[in-house]
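Right, one structure below, let's go through it.
Chain letters run A, B, ... following the sequence lines, proteins first and then strands; every chain starts at 1. Note that the structure is predicted; figures quoted are calculated from it, not measured.
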Number of protein chains: 2
Amino acid sequence: MNDLPSRIHIKEEGPREGFQFEKAPIPTARKIELIDALSRVGIRQMQIVSFVNPKAVPGMADAEAVVAGITPVPGVSYKALWFNEAGLERAIAAGRIDVKGSISLSASDRFLQKNLNRTPSQQLATLHGMLHGYRERGIGLDRVTIMAAFGCNYEGDVRPDKVVGLVGQAIDVAAEHGLSIGSLSLADTMGWATPLAIKRTVGAIRARYPEVTLELHLHDTRGMGIANAYAGLEMGIDRFDASVAGLGGCPFAANAGAAGNVCTEDLVFMCEEMGIETGIDLEALIECARLAQDVVGHPLPGAVMVGGSLRRVRERIAQAAAA
Amino acid sequence: MNDLPSRIHIKEEGPREGFQFEKAPIPTARKIELIDALSRVGIRQMQIVSFVNPKAVPGMADAEAVVAGITPVPGVSYKALWFNEAGLERAIAAGRIDVKGSISLSASDRFLQKNLNRTPSQQLATLHGMLHGYRERGIGLDRVTIMAAFGCNYEGDVRPDKVVGLVGQAIDVAAEHGLSIGSLSLADTMGWATPLAIKRTVGAIRARYPEVTLELHLHDTRGMGIANAYAGLEMGIDRFDASVAGLGGCPFAANAGAAGNVCTEDLVFMCEEMGIETGIDLEALIECARLAQDVVGHPLPGAVMVGGSLRRVRERIAQAAAA
């Protein structure tokens, strides 16, 4: 027995993270193929597209076609990302998308400028507009994301107290619209976090806002993704974003060639081996990771799809012993 | 402040791990080039060759030539690996090698058979012979390694109490020769460990033998290397083996294509970012990692050499602010 959570909830972000990031165009049919494969491994939440400006993110120009083309699996919640009301309208119009209210704040003003081309006051105005829109449509506020919560390639280190301040700001802004925040995601957008930084920032938020449910969105830019996830588990966090095969990266974050999100199958492997349930079939997920490599046409950083699961090794040993 | 160690000691194993593992022959001069480059980054201990049967490990047939060709840097201890008295004799004859007594036990009998072609009783006899040889030469027993301490591809999971038993056996065998063990290295030879397994096994050894200094030798076969190192740090372990760029793998361990040791520069990055001193110049080490890739002629798994250090990013931000 130990103090780690007994079960975690993984939101698969590979399709959205990966397809927005890849330089070469990926045929819509192949995007659909991967999403449909991922729908059958036990994943319950999957972010499949962004409704953003196709000029800024050409890889997401076919978002509506992707949504129309998938074969939805009952029990899987298909999610999308948007940053303004126009994106929200597209998400609703697309159908099939589980539209829940979400807003994003940035712990770095310069990243906000580079990534969304907004000043903090413009961002605040946008958030008010989005919250007003959610309220009007009877959509709750499901998730607040704090981008660059551990550091920024344009602004440097981010102190935990700045993040705590933003959590308070998010709670206040939501309250102005009669909404409470569902869960709060700390995004290590540019791969600055270490396990110690995870514990410090999570601890600082817990000290001030113990009622907030925290999630982690980790990038593996400098190889810390799995260690950071472990630090999160040790803090009791049980909600993680992850990306099959480690698909993705941030196109605006000046990390050319660097790895994307923490790899889903590596995270599932670690958790299952530590007795933490994920609800995901690791062997089937590893097949999806290999499919993802085939879809993008180049090697992806996932380790378990190369090293293999231990369940298979244990089965082989048991068979040899029985023979 | 936190309970992590304030400083760690890294033994670089890339030359030995990598050159024994690579399929294609590497020219002796290029091995020397990498060892000499690594000698200048602040590494204090480096295992550079194995004195083993050249028929079993062709990549180490030039071990004597490598040792003769390096330019030793004062303050750097150059180490070698051997598994019998003949190997020890070669290490002493080669000169320049910091010959310290070491013995290896295996937590898996089947791995011992596959890796060294010995039964447990043959291994015990070999250990007695080696300890006798150390005693005769006035060499202490510097290090005991327990191979496959977390699991084995031929035998399966390894329970912590089995490892605790082996620690006791090592202490007893050494005592028969009037020797005490220096430090004890837990080797995750085939990449079975998780952070929780590290804590369990280290905790079990500490409970029974609190006087033993522990080291970790981690393989990154399934992407857990850095997370496992972090778990070790949280247990107060301050001695780690690591391999530049993640060079290596175990040629006998049935993990074809899988990653080698935990990557030195990724480990240094994590530690330095968490305020733990390593004594190593990360930027110079990253250059060595790129050299290692060039020497072996294919991409290696290190992440920080792709994602870049944060010191460089902070410098760029400071320069921009000053301009």
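- For A/L105, the side chain to side chain contact (heavy atoms under 4.5 Å, CB included) partners are A/I103, A/L127, A/V144, A/L166, A/Q169, A/A170, not counting sequence neighbours.
- At a 4.5 Å heavy-atom cutoff, B/C263 makes no contact with chain A through either its backbone or its side chain.
- Between B/A227 and A/I226, the shortest heavy-atom contact is CB-CG2, 3.8 Å.
- Of all residues spanning residues 270-287 of chain B, those with a heavy atom less than 4.5 Å away from chain A's heavy atoms are B/M270, B/E273, B/M274, arranged by number.
- Contact of A/I317 with chain B is made through the side chain alone, with heavy-atom distances under 4.5 Å.
- For the options A/A231, A/G308, A/P299, A/A197, heavy-atom pairs under 4.5 Å to chain B are most numerous at A/G308.
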How far apart are the C-alpha atoms of B/F269 and A/M224, what are their side-chain angles, what is the distance that settles it, and do they pass the side-chain contact (heavy atoms from CB on, under 4.5 Å) test? CA-CA 9 Å; B/F269 170 82; A/M224 301 296 116; 3.8 Å; yes
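- With rounding to the nearest 0.5 angstrom, the CG atom of B/L196 is 9.0 Å from the CD atom of A/E234.
- Within a 6.0 Å sphere centred on CZ of B/R314, other residues, nucleotides and ligands contribute more than 12 heavy atoms.
- Contacts with chain B were tallied for A/T194, A/N228, A/L4; A/T194 has the most, counting heavy-atom pairs under 4.5 Å.
- No part of B/E265 comes within reach of chain A, as not one of its non-hydrogen atoms sits under 4.5 angstrom from that chain.
- Comparing A/D266, A/V304, A/D157, A/L310 by how many heavy-atom pairs each has under 4.5 Å with chain B, the most go to A/L310.
- Neither the backbone nor the side chain of A/L233 comes within contact range of chain B; no heavy atoms are under 4.5 Å apart.
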